[in-house]
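Throughout, protein chains are lettered first and strands after them, A, B, ... in sequence-line order, and every chain is numbered starting at 1.
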Amino acid sequence: MTTLSPGRQWPAEGVARVPYWVYSDRDLFDEEQERVFRGPTWNFLCLDAELPKPNTYRTSAVGAMPVVVTRDNEGKLNAFENRCAHRGSLLCINERGEARDIVCVYHNWSYDLAGNLTAVAFRKGMGGKGGMPADARPDENPPRKLKVETLCGLVFGTLDQNAVPLETYLGPEIVKGIRRVMRAPVRVLGGYSQMLQSNWKLYMENVKDSYHASLLHTFFTTFRLNRLTQKGGLVISESGGNHISYSLAADTGGKEYEQAGMRAAQEGFGLEAPQVLNHVDEYGDGVGLQILSVFPTFVLQQTRNSLAVRRLVTHGLEKTELVWTIFGFADDDESMTERRLQQANLIGPAGYISMEDGAAPGFVQRGVNTAADILSVVEMGGRGIKSDDTRVTEASVRGFWTFYRSQMGL
Amino acid sequence: MDVATTFKVQELQARYVQALDDDRLEDWPNFFIDACRYVVTTADNLAQGMPLGMIYATSRAMLRDRVRSLRDANVYEAQRYRHMIAPPVIEAGEAGVVHAKTSFMVVRIMHSGEAMMFVTGRYDDRILLEGPEAPRFVEKTVVLDSRVIDTLLAIPI
């Protein structure tokens, strides 16, 4: 395999080792933008429900690249690079809005909602003076267009027109997991972002690492929301890049935690107001937690009745924005909406069971910045990337690296 | 608003932020009535009419749960806040209750000594000023100007 990073070679042990330079190599970050984000991957852009009407837009990102997503007059979704063909200015400077065409603020060049240049201001000059030469090609370097596909209200885009179809990319198990959660038309309840002081891959590893959940998040364990002894498992797509980690709502576990004397198991800890955990089995399958990820940076989360999509914007080597959108369904009644809002206390930057995930990637980043040539041992659950009926495994982390290496040629 | 009311509201706000900045989290729920509402949200969510909160509490018991979780369950680096609050704009509400809007800035100081401008925003408060329980917050909506939180939000605002 060729590698663009001179002197960088993956350890001979394969994905059971992760070299720490992957989090601190500046050249590698730039290569990822090209090979991963602008390569044949499908990137989550937004929810269909965020563009409820024709002639609306919202901005998003693919890796570090700013992107505009539009719904045109016919209701069709489009996505293109948020960069004017002229001087490269952002076309849309607002997060969302209504528009029949997109007009660059800098020199008023206009585009239709599919991202085609339609007009150049003063192209023929004024009063016979100025303007562009007759043979000029103002759209020589237009904003790059994304191929867009939607699955159950989730809008994905790819910059590689030859990418495999979205459902092929996801794999049948992941498609099934998405269909399960996205059972009806969506109602967005709100959103927020967390700025993570770490490389994007550290957050995605955290998402895929089912081993840490009950150890780092002691709220989870204390209230028996999620113990590794609870019935559940891990599903990994054939490519390795996508995963589902799930557990049943009922605790069927034993005393392993207590016997180990772990911090997680504090006796006599109860909630005065347990409505934050008041779960209704809306899917009728007993699954209380389903975390689903799609390479490179998408997460679909069901924590009880709290539903969210998360995506990453890679602002820099060690600066990553985690964008949360929390939603319910259009057919939710008032009490279901209130339940989702109560359970949203579990997630987000102040979430009882997720606040640590904002910090843990930063802890690793700070730990490994001066350890570029040292390797992390990732051997929980063996060295492979097989699905399993246990979550005491790092198989989906190895799956992430398997797919990452194939995209990066590393 | 009359001077006496203004003084009472300012005094409550000052004591509230002092309790948080002094790490007296156990005192924090006592600034609220039992059937209170405490929501931390963003200006953007509010502008879109979206009800989501980062913290969404509908009783004082839920505030006490949060304190216990912060003390006993959640893992976060040692940190302090320093709140700066502006004079409140106060309007009369229903019997014994006033509405107050108070701008704030919060600097977060990490154990490492690193300090950053953490959040800015305004408190939209309904404050009970009469009766044996008074003064206490009936409702406190913390409206953050930005939708972005650095790393995590552990200590309440």
Heavy-atom contact with chain B under 4.5 Å, split by part of Val188(A): both

Chain A-proximal positions within residues 122-152 of chain B [heavy-atom distance under 4.5 Å]: Arg147(B), Val148(B), Ile149(B), Asp150(B), Thr151(B), Leu152(B)

Heavy-atom closest contact (Pro52(A) atom, Arg71(A) atom, distance): C-NE, 4.4 Å

Atom CE of Met195(A) with >12 non-hydrogen neighbours under 6.0 angstrom: yes

Leading residue by heavy atom contact count with chain A [cutoff under 4.5 Å; candidates Ala57(B), Gly49(B), Ala61(B), Ser59(B)]: Ala61(B)

Which of Gln342(A), Arg340(A), Gln197(A) touches chain B most, by non-hydrogen pairs under 4.5 Å: Gln342(A)

CA sep, side-chain torsions, deciding dist, call: Arg71(B), Glu26(B), salt bridge (charged side-chain N to carboxylate O under 4.0 Å, His left out): CA-CA 10 Å; Arg71(B) 292 291 196 216; Glu26(B) 285 72 11; 2.7 Å; yes

Any Arg310(A) side-chain heavy atom under 4.5 Å of Ile291(A) side chain: yes

Nearest atoms (heavy-atom pairs only) where Leu202(A) meets Pro361(A): CD1-O, 3.4 Å

Chain B contacts, top residue of Glu95(A), Gln194(A), Met355(A) (heavy-atom pairs, under 4.5 Å): Met355(A)

Arg96(A) portion near chain B, given a 4.5 angstrom heavy-atom threshold: side chain

Engaged part of Ile155(B) at the chain A interface, taking heavy atoms whose separation is under 4.5 Å: neither

Closest non-hydrogen atom pair between Arg60(B) and Phe32(B), with its separation: NH1-O, 2.9 Å

Among the listed options Thr42(B), Asn45(B), Leu52(B), the residue most often paired with chain A at heavy-atom distances under 4.5 Å: Leu52(B)

Chain B interface, residue from Gly190(A), Ala273(A), Ser193(A) that has the most non-hydrogen pairs under 4.5 Å: Ser193(A)

For chain B, the option from Leu341(A), Val323(A), Ile326(A) that forms the most heavy-atom pairs under 4.5 Å: Leu341(A)

Side chain to side chain donor-acceptor pair (under 3.5 Å) between Glu318(A) and Asn199(A), intermediate numbers included: CA-CA 4 Å; Glu318(A) 299 174 29; Asn199(A) 188 263; over 6 Å; no

CD (Glu94(B)) with more than 12 external heavy atoms under 6.0 Å: yes

Which residues share a ring pair (Phe, Tyr, Trp, His ring centres under 6.0 Å) with Tyr56(B), sequence neighbours left out: none

Arg15(B)/Glu11(B) salt bridge by N-O under 4.0 Å criterion: yes

